[in-house]
Amino acid sequence: MTALEGEPASLDPTRTALVLVDLMDRIAALPLAPRSGDQVVATAGELARKFRAAGATVVLVRVERPGAVTQPPGSDVVAGLVGEGDLVVVKRTVGGFHQTGLHDMLAERGVRTLVFGGIATNLGVESTARAAADHGYELLFVEDAMAALTEDEHRAAIALNFPRLGTVATASALGFG
């Protein structure tokens with residue numbers, strides 16, 4: 001289902017979490033489409049502020065290379081995105097649920113709806129969303145808070161895969177009821 005131009009999505013802040021995937025300097029600096037990493041980070045930052053103000057949970061998922069003694073430069077979440085009380089989850093696979101404790105953290109908070117943004121749309125975001133669907137979460141995808149390595153990869157996830165898992169919307173369509 002898509003809500004790109006429909007009614008605004010009204011979310012319950014006590015049962016909703018914003019999940020931002022792989023918004024790290026080294027990933028946001030890649031050549032991306034249909035928007036730059038800076039644009040994704042800016043939209044994600046606005047969403048995070050909106051979610052925090054409403055009292056909703058904000059989760060930032062970042063990747064570490066398994067077995068590496070040190071991580072490559074730029075492996076932290078982009079400066080300024082993590083706020084007080086946010087959850088930071090470190091993954092070592094494509095998706096954010098495998099062996100991270102993310103499901104337990106969300107269940108402890110009573111979260112049932114996940115709102116996704118991040119890089120890359122068809123990789124880290126989609127893998128995390130598929131696992132979330134397997135856990136029974138309701139899913140919402142913020143199209144303008146995502147990018148991929150190519151526009152075709154982004155569009156395929158947005159147009160073909162995400163509508164089968166949840167609702168696709170824009171950041172401006174999100175609100176708390």
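For this chain, numbers begin at 1 and follow the sequence in order. Note that the structure is a prediction, hence the values are computed from the model and not measured.
Between atom CD1 of residue Ile27 and atom CG of residue Leu32 there is a gap of 9.5 Å, rounded to the nearest 0.5 Å. To the nearest 0.5 Å, the span separating CG on Leu87 from CE on Met105 amounts to 6.0 Å. Here Phe141 contributes atom CZ and Asn161 contributes atom CG; the two are 9.0 Å apart, rounded to the nearest 0.5 Å. How far CG of Asp76 is from CG of Asp25: 8.0 Å, rounded to the nearest 0.5 Å. Here Thr113 contributes atom OG1 and Leu106 contributes atom CG; the two are 11.0 Å apart, rounded to the nearest 0.5 Å. Rounded to the nearest 0.5 angstrom, Thr16 OG1 and Arg109 CZ are separated by 14.0 Å.
Side-chain atoms of Gln39 come within 3.5 Å of backbone atoms of Ser36 as a donor-acceptor pair (strictly under, hydrogens ignored). Side chain of Arg112 to main chain of Gly136: a donor-acceptor pair is present (N/O by atom type, distance under 3.5 Å, no hydrogens or angles). Of the possible polar contacts, one joining the Thr128 side chain to the Gly96 backbone as a donor-acceptor pair under 3.5 Å is found. Side-chain atoms of Ser75 come within 3.5 Å of backbone atoms of Pro72 as a donor-acceptor pair (strictly under, hydrogens ignored).
One hydrophobic cluster, built from ILVMFWY side chains closer than 4.5 Å, cannot hold both Leu20 and Val90; they sit in different ones. Under a hydrophobic clustering in which Ile, Leu, Val, Met, Phe, Trp and Tyr are joined whenever their side-chain heavy atoms come within less than 4.5 Å, directly or via other members, Val78 and Leu149 fall into the same cluster. No continuous path of hydrophobic side-chain contacts links Leu123 to Met24 [ILVMFWY only; heavy atoms under 4.5 Å]. Leu30 and Leu60 fall within the same hydrophobic cluster, where Ile, Leu, Val, Met, Phe, Trp and Tyr residues are linked whenever their side-chain heavy atoms come under 4.5 Å apart, directly or through other members. Note on Phe97 and Leu139: same hydrophobic cluster, where clusters join Ile, Leu, Val, Met, Phe, Trp and Tyr whose side-chain heavy atoms are under 4.5 Å apart, directly or indirectly.
For Phe51 and Phe176, the gap between ring centers is short of 6.0 Å.
Here the closest non-hydrogen pair linking Pro13 and Ala54 is CB-O, 3.2 Å. Nearest heavy-atom pair, Leu23 versus Gly118, reported as atom, atom and distance to 0.1 Å: CD2-CA, 3.9 Å. The minimum heavy-atom distance linking Val41 with Ala28 is given by the pair CG2-CB, 4.1 Å. Of all non-hydrogen atoms in Leu81 and Ala44, the two that sit nearest each other are CD2-C, 4.4 Å. Scanning both residues, Ala147 and Val40, for their nearest heavy atoms gives CB-CG2, 3.6 Å. For the residue pair Val21 and Phe116, the shortest heavy atom distance occurs at CG2-CD2, 4.4 Å.
Legend: side-chain hydrogen bond (donor to acceptor under 3.5 Å, both in side chains) pairs involving residues 41-68, not counting sequence neighbours, sorted by first then second residue: Arg52-Asp86, Arg62-Glu64, Glu64-Arg92.
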### Message
Please determine whether salt bridge (Lys or Arg N to Asp or Glu O under 4.0 Å) holds for the pair Lys91 and Asp22, giving the CA-CA distance in whole Å, both sets of side-chain angles, and the decisive distance to 0.1 Å.
### Response
CA-CA 9 Å; Lys91 65 182 177 121; Asp22 293 339; 3.0 Å; yes
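Side-chain contact, Asp152 with Thr150: no donor N or O sits under 3.5 Å from an acceptor N or O.
Remark: Thr93 pairs with His98 by the side chain to side chain contact (heavy atoms under 4.5 Å, CB included) rule, at least two apart or across chains.
Between Met146 and Ile158, the closest side-chain pair of non-hydrogen atoms falls below 4.5 Å. Val19 is not listed as a side-chain neighbour of Val115, based on a closest heavy-atom distance of 4.5 Å or more. Side-chain atoms of Val125 and Ile119, non-hydrogen and from C-beta on, never get closer than 4.5 Å to each other. Residues Leu140 and Leu174 have side chains in contact (heavy-atom distance under 4.5 Å, counting atoms from C-beta outward). Proximity of Leu165 to Arg130: side-chain heavy atoms (C-beta onward) are separated by under 4.5 Å at one or more points.
Comment: Arg155 engages Glu143 in a salt bridge, judged by a side-chain N to carboxylate O separation of less than 4.0 angstrom.
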